[in-house]
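Predicted model only: the values in this text are computed from it and were never measured.
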Amino acid sequence: MNATSPWLLTANSKLNSPGLAASYEQQAVGYSFKVYVIDDSCWMVAAWPKGSRIAFRLAYSPNDRLELKKVSEDNQQITFHISSLIGEYETVLQLPDSDPPVLRLKTSLKPSAPILFPYWPRDILPLGAAASDTLAEGDIKVSQVGTRSGQLYFNLTRPKAGSVLYLQNLTALADYNQDTTTSAGDTVAGEWPEVGFALPPTLKNKPLEAGKSYVLSDALIAFSEEVPKDEAGMVKQYLELLSAVYLALPKPDTSYKHWPDILEKGLTDLRDSPGCWSQVDGHHYLNAYLCDYKTPPEIMVQLAVLLPLVDYVEWTDAQLDMMKTIKDGLRAFYNEELGTIMRWHPKMADKMEAVEEQMKPMVMDSWYLNHPLLNLSRLALKGDKVAEKLFLDSLEFAIKIAHHFDYSWPVFYKMDTLEVVKAETQPGKGGEKDVPGLFAHIMLQAWELTGKKRYLAEAEKSALRLQGLGFELFYQANNTAFSAGALLRLYKITKKEVYKELSYLCMANIMQNTSLWDCNYGYGKNFPSFFRLFPLNDAPYTAAYEEEEVFCAFHDYLKHAEGEEILPSLRLLLSEYIRYLVDRAVYYYPPMLPKEMLSEEVKTGEVDPSLYIALEDMHDGWEKSGEVGQEVYGAGNAFGILPRHYMQVEGQPFMIYTDYPTYGFSPKKHRPAKFKLAGDPRLRCRLMLVKTDIGQMPEFSVMLKGHKEMLQGKKTKEGHREFTVPGDSEIQINWK
């Protein structure tokens, strides 16, 4: 047992006092819930059906004696009015009525005077068995890192009771954070048994206002009687509990963003801005960052922009000279001596400043070799012969690397000697743990392109390296997402359940690195941030490039999952991430933001507030964004969204838009448009008939399969038609 604070030991002793009377008690879905007012704290104790207990602090006033003034009930909602020296508390208890059970505890305080909180205790107390002074033993699997979700997922292992997923709705704390100039980051954590949420300490001269009501906690708690026996069970339970909490979580509204216009602005700035391009040896190459002329061209950057352009051109039948410009420069990255593509352009590699340890000609970041190979394979499967040759000619070297490191890649190594330059991300944390999944994806692509079973065998060997990594698998978001898709494909090919379970493991790792709250304080008021995703497991900001590629990978995963039995929780969460990304991704573009929130100091290149070139980095509300730079390789943002969310109807003056993924659309002219939505029927998404410039909008009827009534939508000021429809629906649209 770890050391504990006096607050925890004292509370545990008092809550285990013989004859302690509850101020309120209730039963729900087999669990009991009792409220106790003890000196300076008000506690709610939840008991599993088999008797084990855990306590949650509802109100706290140090060195005080709280008084429960009133209890009012309305169905499953109970409100407690509590007096204290520091002010009037109101706690709302929402009892669970679902399976798995989800409890909600929301506490507000109206201070009696301007007040500072230099310290606040954590709010979870694992009591263990009744009438015992021994705290329960437990195992924390997931906790908040930085400004990610305020979550805590843990098992109670002795006495064996079950599992808990605790999620603090940090959106609700905006007034507290704004008035005290504090961050909601790193507020839900702790070392067992001192765990839970603690208010961030207030700063000098930044008190809470007297008489103003502040939400101090809004916790949603999902319970399970099961302690998973293995990794696969843990992952399924985490995703199930997370989706149950998500359904109960207050979620912000979204609004329609007209991505065709956004794409045109981005395309113009990408094509015409000199800061996006460099010239080497007679060819033009995309810079990694705007006005970054010191760093040599990188093959990853060229392909990261080219592939979304290919998606867009296939959707619109447009001709983009820029694509030929990019393709013409790809051959220069191939090293004949080593038999592989290289990261840096060989004519410039010797001239770069080694400001970071990987910025040397022969040093390779493990994912930087595999990611371009994956994109080359995608081009090859579309019939691009140059890409096919570069891909196939580099495969033997990639396999050599995989064998040398036994499918467990370090962070940096030398291409010519295979000497490890940096073995681990942090001491004891291992290398780039999701690269085995990325390599498996490459091998699957090679197998699909050539039909050679050797590549399929390589994919299986590499994929199995992900077993046992738990919630430590995630290195970089897009690579973990690509890994998930490869593993689902492996499952479909081999019918081996282990691969589907490993795909869930990848997805669970991604979900723990998201942010299920909206940062509505400081600069965060200027852009939506609900359900954002962080690029690395310790990154302090979200990034356009990784989010765009994860968005595309999620679409691909759901497409491969069509007709397959996958976790309903996963269908729900992936679809919701996509819905919110389509809403907020436009705020990576500087023209959408006030200039005062852009960083004056830029690490790489320059930031031009007028250009629709995405910022790499969006930060916590008290930090300025764009300090890393404008990432040209994040230009795929709009080009990925438009083809996946706008369905064109041949010869008609409208497009069909949804913010959920869709399946089965057939764009024929003279028949009803039919398609199916992804997602969960308990949630809603936006369906729009988007007016184009080629004629008058016809009359429409929109219906859900299995329903006789037409959906009633509304006309927007731009002339579009907008509907709200449930997820997992089949839609039919008729027009005259």
Side-chain angles (χ1 to χ4, degrees), residues 257-280 284-298 300-302 304-306 308-309 312 320-323 325-326 329 348 352-353 355-356 522-529 532 535 539-549 581 584-621 623-642:
K257 309 298 191 299
H258 196 56
W259 281 98
D261 286 352
I262 298 163
L263 183 144
E264 285 301 321
K265 293 173 182 177
L267 179 61
T268 298
D269 288 344
L270 180 66
R271 181 188 61 220
D272 297 343
S273 173
C276 293
W277 298 88
S278 292
Q279 185 170 342
V280 179
H284 285 87
Y285 295 94
L286 291 163
N287 294 326
Y289 294 90
L290 186 73
C291 298
D292 174 22
Y293 302 110
K294 295 181 180 179
T295 307
E298 298 175 72
M300 184 280 291
V301 171
Q302 316 309 310
V305 177
L306 179 58
L309 292 178
Y312 170 65
L320 296 179
D321 293 339
M322 187 192 318
M323 293 175 60
T325 300
I326 297 171
M348 293 291 291
M352 69 176 149
E353 298 178 11
V355 293
E356 297 178 21
Y523 298 119
K525 294 178 180 179
N526 298 305
F527 60 96
S529 54
R532 53 184 173 167
Y541 57 77
T542 60
Y545 163 65
E546 283 83 359
E547 286 221 80
E548 180 261 323
E549 288 213 329
L581 186 281
R584 62 181 172 74
V586 69
Y587 293 94
Y588 277 108
Y589 297 118
M592 298 296 297
L593 303 169
K595 290 182 181 179
E596 58 267 22
M597 69 166 285
L598 301 179
S599 177
E600 293 86 4
E601 297 183 5
V602 180
K603 177 184 175 184
T604 310
E606 301 175 6
V607 167
D608 185 337
S610 68
L611 292 181
Y612 274 76
I613 302 297
L615 299 174
E616 161 143 340
D617 49 311
M618 301 296 287
H619 290 256
D620 181 56
E623 300 168 356
K624 294 190 175 186
S625 295
E627 66 177 17
V628 179
Q630 276 176 283
E631 52 175 33
V632 178
Y633 63 94
N637 196 353
F639 301 104
I641 290 172
L642 196 66

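Side-chain contact check for Leu581 versus Ile641: some heavy-atom pair is nearer than 4.5 Å. Under the 4.5 Å side-chain criterion, counting only non-hydrogen atoms from C-beta, Met300 is in contact with Tyr545. Residues Ile613 and Tyr289 form no side-chain contact, since every pair of their non-hydrogen atoms from C-beta on lies 4.5 Å or further apart. For the pair Leu286 and Tyr633, the minimum side-chain heavy-atom distance is 4.5 Å or more. Two residues are said to be in side-chain contact when any heavy atoms from C-beta on lie closer than 4.5 Å; Ser625 and Met597 meet this criterion.
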Stepwise side-chain contact (heavy atoms from CB on, under 4.5 Å) check, Lys265 with Tyr589: CA-CA 10 Å; Lys265 293 173 182 177; Tyr589 297 118; over 6 Å; no

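Put simply, CG on Leu598 and CG on Leu615 are 6.0 Å apart, with the number rounded to the nearest 0.5 Å. Atom CG of residue Leu267 and atom CG of residue Leu309 lie 7.5 Å apart, to the nearest 0.5 angstrom. The line from NZ of Lys595 to OG of Ser610 is 7.5 Å long, rounded to the nearest 0.5 Å. Rounding to the nearest 0.5 Å gives a distance of 10.5 Å between CH2 of Trp277 and CZ of Arg271. Atoms CE and OH, on Met618 and Tyr523 in that order, are 12.5 Å from each other to the nearest 0.5 Å. Gln630 CD to Tyr612 OH: the interatomic distance, rounded to the nearest 0.5 Å, is 12.0 Å.
Here the side chain of Asn287 pairs no donor or acceptor atom with the backbone of Tyr293 at under 3.5 angstrom. Looking only at distances, a side-chain donor or acceptor of Asp617 sits under 3.5 Å from a matching main-chain atom of Gly626.
Residue-environment remark: NZ (Lys257) exceeds the threshold of 12 foreign heavy atoms within 6.0 Å. Within 6.0 Å of CG in Asp321 there are 12 or fewer heavy atoms belonging to other residues, nucleotides or ligands. Around the CD atom of Gln279, the shell of radius 6.0 Å holds more than 12 heavy atoms that belong to other residues, nucleotides or ligands.
None of Glu616, Glu600, His619 except one satisfies the side chain to side chain contact (heavy atoms under 4.5 Å, CB included) rule with Glu627; the exception is His619.
Inspection of the Glu547 and Tyr588 side chains reveals an N or O donor paired with an N or O acceptor under 3.5 Å.
Listed here is the closest heavy atom pair of Gly640 and Glu548: CA-OE2, 4.5 Å. For Glu298 against Thr295, the heavy-atom pair with the smallest separation is OE2-CG2, 4.1 Å. For the residue pair Pro535 and Thr542, the shortest heavy atom distance occurs at CD-CA, 3.9 Å. In terms of heavy atoms, Pro590 sits closest to Leu611 at CD-O, 3.4 Å. In terms of heavy-atom proximity, Met592 sits nearest to Val586 at CG-O, 3.3 Å. Summarising the geometry of Val602 relative to Gly629, their closest heavy-atom pair is CG1-CA, 3.7 Å, with the distance given to 0.1 Å.
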